[in-house]
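Structure first, commentary second.
We name chains A, B, ... by the order of the sequence lines, and we start the count at 1 in each one.
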2 protein chains.
Amino acid sequence: MPRPTKHAPERGNARIRLLEAARDIIRAKGFAATSVDDLCKAADVTKGAFFHHFASKEALGVAAADFWAETTSAFFEAAPYHGPTDPLARLLAYVAFRKAIIQGEIAEFTCLVGTLAQETYASAPDIRDACARSIFGHTATLETDIEAARQSRGITADWTAASLARHTQTVIQGAFVLAKAASDPALARESLDHLDRYIRHLFHPAEEDAA
Amino acid sequence: MPRPTKHAPERGNARIRLLEAARDIIRAKGFAATSVDDLCKAADVTKGAFFHHFASKEALGVAAADFWAETTSAFFEAAPYHGPTDPLARLLAYVAFRKAIIQGEIAEFTCLVGTLAQETYASAPDIRDACARSIFGHTATLETDIEAARQSRGITADWTAASLARHTQTVIQGAFVLAKAASDPALARESLDHLDRYIRHLFHPAEEDAA
DNA sequence: ACGCATACCGACCGTATGGTATGTTATTTT
DNA sequence: AAAATAACATACCATACGGTCGGTATGCGT
């Protein structure tokens, strides 16, 4: 009987439960509108536990962005879009995958670090920088495929792999903004279709594509 | 001597000064992090004046989004990109104009209703809807040119003028998110270059463009 | 001159907030 | 087993917040 205590709500994982609560609540309400008490209630921990694990609310923001970076990079590494052997096919599979996971509640498919960066860019530089690390760390995972596709197709146009990788995130982040404004995930998927078409155009400038 | 009162700070325009303060401060700090006192100080009015003009902070949010819609639509109507007679040239001039005005401090060129919608989409539907009216009202001004360009070029691809108009806003909104995360307006301009290239590709599928 | 509406003032209120101080319990170290 | 430490829990605090309220000043129609 290793846990004979009265009601003990699983000691030792309060930190992770707080980070998960932050991930979910901040995406729905924003950082400033999310109170420490909100997070404690959702994570079923006390305020003492919160300030034991995080020096301040701002420190939690940084940790939440880092946590997002870790979990999403693991998620994308395990995602099926790495299947194709051709780098361009992988890139297009990535875009298709990003489109496919835009489903259900808006707060469930949108990006924590995008909203967090937008809200804190001027008032909390350390949170902003953690968000930037997450976003641009993710774009970096696309660059090698883009560069390989560029070279295999002999593309010499005046854009770089890094800039196209960033542009995919631009479209994804913007798609979330429009979806939120209209309360309609379809608007986000629509822009990913344009992104898909753009990428195909970049690599097949002449012919019309047939998936 | 029509105004012999002690120090009277220009009676009658407190409402507009509050809306201007809201426009500037909310873009920098976000809606939730902007207090009513912040706005009153910046607008140099008292709290009494604030709640005389706005029933609540949320009502100010709606009014600020409406004010943004009015001022920006006037701004874009007066902008020089309407010069070209060809509708495609006007569309490209629009994109170039959007790129050209991305300068200076981030809070000065970014979009109020984009950040506001992202922050309030779940918690304040009336603010969100006001933001949506502003965003999609603006996209509507692009649709006629896009549709005219489509027809003059005989484009029959499977995208609509409305969806391309929305996509331009997606790219612009996303560009602001990346610029904020990286504290670098150049990232926003970079994505507008991709948008420009995409539009040219859509309307000149074969040839390489020469401005 | 009078009445009235609009515009504004500034003190005040109840609550929510981020944060702290101190105590208690489990876990690891020695 | 003892000591040290990490992981909580609880009560509390100062302040900041959105909002209210009674009052004042100014312009305008009559």
Side-chain angles (χ1 to χ4, degrees), chain A residues 1-22 25-26 28-64 67 116 119-120 123-127, chain B residues 1-22 25-26 28-64 67 116 119-120 123-127:
Chain A
M1 215 179 265
R3 193 170 288 122
T5 30
K6 42 189 174 180
H7 193 241
E10 301 169 81
R11 195 183 176 84
N13 49 10
R15 181 187 154 90
I16 288 177
R17 291 218 309 283
L18 280 166
L19 290 172
E20 288 169 344
I25 301 181
I26 293 173
K29 309 207 308 181
F31 180 72
T34 299
S35 72
V36 173
D37 283 335
D38 286 341
L39 296 170
C40 291
K41 272 170 206 153
D44 195 33
V45 302
T46 62
K47 229 170 189 180
F50 183 98
F51 284 100
H52 171 71
H53 288 288
F54 306 103
S56 64
K57 191 192 174 189
E58 191 171 327
L60 167 110
V62 175
F67 181 69
L116 203 46
E119 212 179 327
T120 63
S123 48
D126 46 355
I127 297 180
Chain B
M1 220 179 260
R3 195 170 286 122
T5 31
K6 39 187 175 180
H7 194 240
E10 301 169 81
R11 194 185 176 82
N13 49 9
R15 181 187 153 91
I16 288 176
R17 291 217 309 283
L18 280 166
L19 290 172
E20 288 169 345
I25 301 181
I26 293 173
K29 309 207 310 180
F31 181 71
T34 299
S35 73
V36 173
D37 284 334
D38 286 340
L39 297 170
C40 292
K41 271 170 207 155
D44 196 33
V45 304
T46 62
K47 227 167 188 179
F50 183 99
F51 285 101
H52 171 71
H53 289 288
F54 307 103
S56 64
K57 190 191 172 187
E58 189 170 327
L60 166 108
V62 174
F67 181 69
L116 204 45
E119 213 179 326
T120 63
S123 48
D126 46 354
I127 297 179

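- The phosphate of D/dA9 has neither OP1 nor OP2 within less than 4.0 Å of any side-chain N or O from A/H52.
- Regarding B/N13, its CG atom lies at a distance of 7 Å from the P atom of C/dC8, rounded to whole Å.
- Within the 3.5 Å criterion, the main-chain N or O of A/S123 finds no donor-acceptor partner in the side chain of A/T120.
- Judged by the 6.0 Å and 45° rule, B/K57 forms a cation-pi pair with B/F31.
- Summarising the geometry, the separation between CZ on A/F54 and C1' on C/dT20 is reported as 18 Å, rounded to the nearest angstrom.
- If you find the closest nucleotide of DNA chain C to A/A55 and to A/A33, the one lying nearer the 5' end belongs to A/A33.
- Going from atom CG of B/D44 over to atom CG of B/L39 covers 13.0 Å, rounded to the nearest 0.5 Å.
- Rounded to whole angstrom, the span from the CG atom of A/D37 across to the P atom of D/dC12 amounts to 16 Å.
- Of the candidates C/dG10, D/dG18, D/dC8, the closest approach to any side-chain atom of B/T46 belongs to C/dG10.
- Here the CG atom belonging to A/D126 is positioned 4.0 Å from the CD atom belonging to A/E58, to the nearest 0.5 angstrom.
- Interatomic distance, CZ of A/R15 versus CG of A/N13, reported as 12.0 Å (0.5 Å rounding).
- The CG-C1' distance, from A/D44 to D/dA9, rounds to 12 Å in whole Å.
- The distance between atom CD1 of A/I16 and atom P of D/dA7, rounded to the nearest whole Å, is 12 Å.
- Heavy atoms of B/S35 sit under 4.0 angstrom from primed sugar atoms or phosphate atoms, though from no base atom.
- Distance A/F50 CZ to D/dA11 P: 20 Å, rounded to the nearest Å.
- Look at CZ on B/F51: it is 18 Å from P on C/dC12, rounded to the nearest Å.
- Set against D/dG19, D/dC8, C/dC9, the side chain of A/A49 has D/dC8 as its closest nucleotide.
- In this structure, A/L39 places its CG atom 14 Å from C1' of C/dA16, rounding to the nearest Å.
- For C/dG18, its base sits under 3.5 Å from the side chain of A/K47 at one donor and acceptor pair at least.
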